[in-house]
Amino acid sequence: MSAGKRGALIIFEGCDRSGKTTQSRLLVELLKSKDIPVQAMNFPDRSSCIGQMINSYLTNSKDLPDEVIHLLFAANRWEHMNQVKQKLLEGVTLVVDRYSHSGVAYSAAKGLHIDWCYAPERGLIKPDAVFYLRAPANDLASRGKYGEERYERAEFQGRVAQVFDRLCSQEASYWHQFDASQPAEDLHAQIVSITEELLPKVATQPLDKLS
Ligand code: NYM
Ligand code: MG
């Protein structure tokens, strides 16, 4: 990396089964093939102590109040912030499968107030770009049976999608919406073209915080 050039914080957001995991993997592979320093991350990170509690909740082996699980998801991001900051400043681009806006969307879809949901996210490093993979909830449900995890029901996903739509229009300056129903290769090509514009642009910008 040349001096002072930082990596980009790129987030994939969207409902379950919208293709985030596939698209983030394809993007990481592409950047690697171009010798651009890149690392994949995903939230929740189920490996930490907090992550294990989150996993127990998602797999229905543990019940928690909505507020408590919300704060655990946020804490799971905070526990990685030093590492995220260090990597970005070293020039590594981070491609992240879910971040703060999943936290807000899933909890607000349960009825928690959106401002309350946002509060513990403030101060986290702000994404340079959020790639929102959007598809009608019915399309996603028709991709095959949802898994067994909590939240994986078409009706609930519809409500999550509504919150993502709202966030997307509010945060338009750094959100990019993509039609997740199109073939994966087409989607990938669009994502690559936005990423190639983004990397040189943010390389000399200071890191920002979610506010
Ligand atoms: N989820 C994920 C939340 O409810 N809040 C969060 O902050 C994050 C990061 O966890 N259904 C939910 C969304 C998913 C579930 O994520 C597990 P994944 O990407 O499906 O493993
Ligand atoms: Mg999932």
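This is a predicted model, so every value here is computed, not measured. All heavy atoms count here, side chains included; hydrogens, waters and symmetry mates do not.
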| message | Taking CD in Glu148 as the centre, count heavy atoms belonging to other residues, nucleotides or ligands within less than 6.0 Å. Is the count above 12? | response | no

| Is it the case that more than 12 heavy atoms not belonging to Gln182 sit under 6.0 Å from its CD atom? | yes

Across all chains, not counting sequence neighbours, the ring-ring contact (aromatic ring centres under 6.0 Å, His included) partners of Trp116 are His70

* Asked: Do Lys34 and Glu196 meet the salt-bridge criterion of a basic N to acidic O distance under 4.0 Å?
  -> yes

**Prompt:** Does a donor on one side chain and an acceptor on the other come within less than 3.5 Å for Tyr118 and His101?
**Reply:** yes

Quick note, ring pair (Phe, Tyr, Trp, His ring centres under 6.0 Å) partners involving residues 10-40, not counting sequence neighbours, are Phe12-Phe131

Please determine whether ring pair (Phe, Tyr, Trp, His ring centres under 6.0 Å) holds for the pair Phe164 and Tyr132, giving the CA-CA distance in whole Å, both sets of side-chain angles, and the decisive distance to 0.1 Å. CA-CA 8 Å; Phe164 274 132; Tyr132 171 33; 5.5 Å; yes

- prompt: Is a salt bridge present between Arg17 and Glu149, judged by a nitrogen-to-oxygen distance below 4.0 Å?
  reply: no

Between Ile191 and Gln23, is the side chain to side chain contact (heavy atoms under 4.5 Å, CB included) condition met? List the steps. CA-CA 8 Å; Ile191 286 168; Gln23 289 300 328; 3.7 Å; yes

Problem - Residues Glu152 and Gln157: side-chain donor-acceptor under 3.5 angstrom - result: no

Got a salt bridge between Asp128 and Arg6, using NZ or NE/NH1/NH2 to carboxylate O under 4.0 Å? yes

Q) Are any of the side-chain nitrogens in Arg159 or Glu155 under 4.0 Å away from the carboxylate oxygens of its partner? A) yes

Check your understanding: Any salt bridge between Arg134 and Asp179, counting N to O under 4.0 Å?
Key -> no

Can you tell me if Arg143 has over 12 outside heavy atoms packed within less than 6.0 Å of its CZ?
yes

Under the side chain to side chain contact (heavy atoms under 4.5 Å, CB included) rule, what do Trp78 and Leu124 come out as? Steps first, then yes or no, please. CA-CA 7 Å; Trp78 276 106; Leu124 289 172; 3.4 Å; yes

* Flag if over 12 foreign heavy atoms under 6.0 Å of CG, Asn60 -> yes

Requested in this report: Under the side chain to side chain contact (heavy atoms under 4.5 Å, CB included) rule, what do Val163 and Tyr106 come out as? Steps first, then yes or no, please.
Outcome: CA-CA 8 Å; Val163 187; Tyr106 283 77; over 6 Å; no

Please evaluate residues Lys110 and Tyr151 with respect to the criterion side chain to side chain donor-acceptor pair (under 3.5 Å), reporting the C-alpha separation (whole Å), side-chain torsions for both, the decisive distance (0.1 Å), and the verdict. CA-CA 10 Å; Lys110 294 174 177 172; Tyr151 303 147; 2.8 Å; yes

side-chain hydrogen bond (donor to acceptor under 3.5 Å, both in side chains) filter on Gln39, not counting sequence neighbours, yields Lys87

*Decide, yes or no, whether a salt bridge links Arg98 with Asp16 under the criterion of side-chain N to carboxylate O below 4.0 Å.*
yes

Joint cluster assignment, Phe43 & Ile11, ILVMFWY side-chain distance < 4.5 Å | yes

Q) Is the closest basic N to carboxylate O distance between Glu13 and Lys20 below 4.0 Å? A) no

Correct closest heavy-atom pair for Asp139 and Ala135 would be CB-CB, 4.5 Å

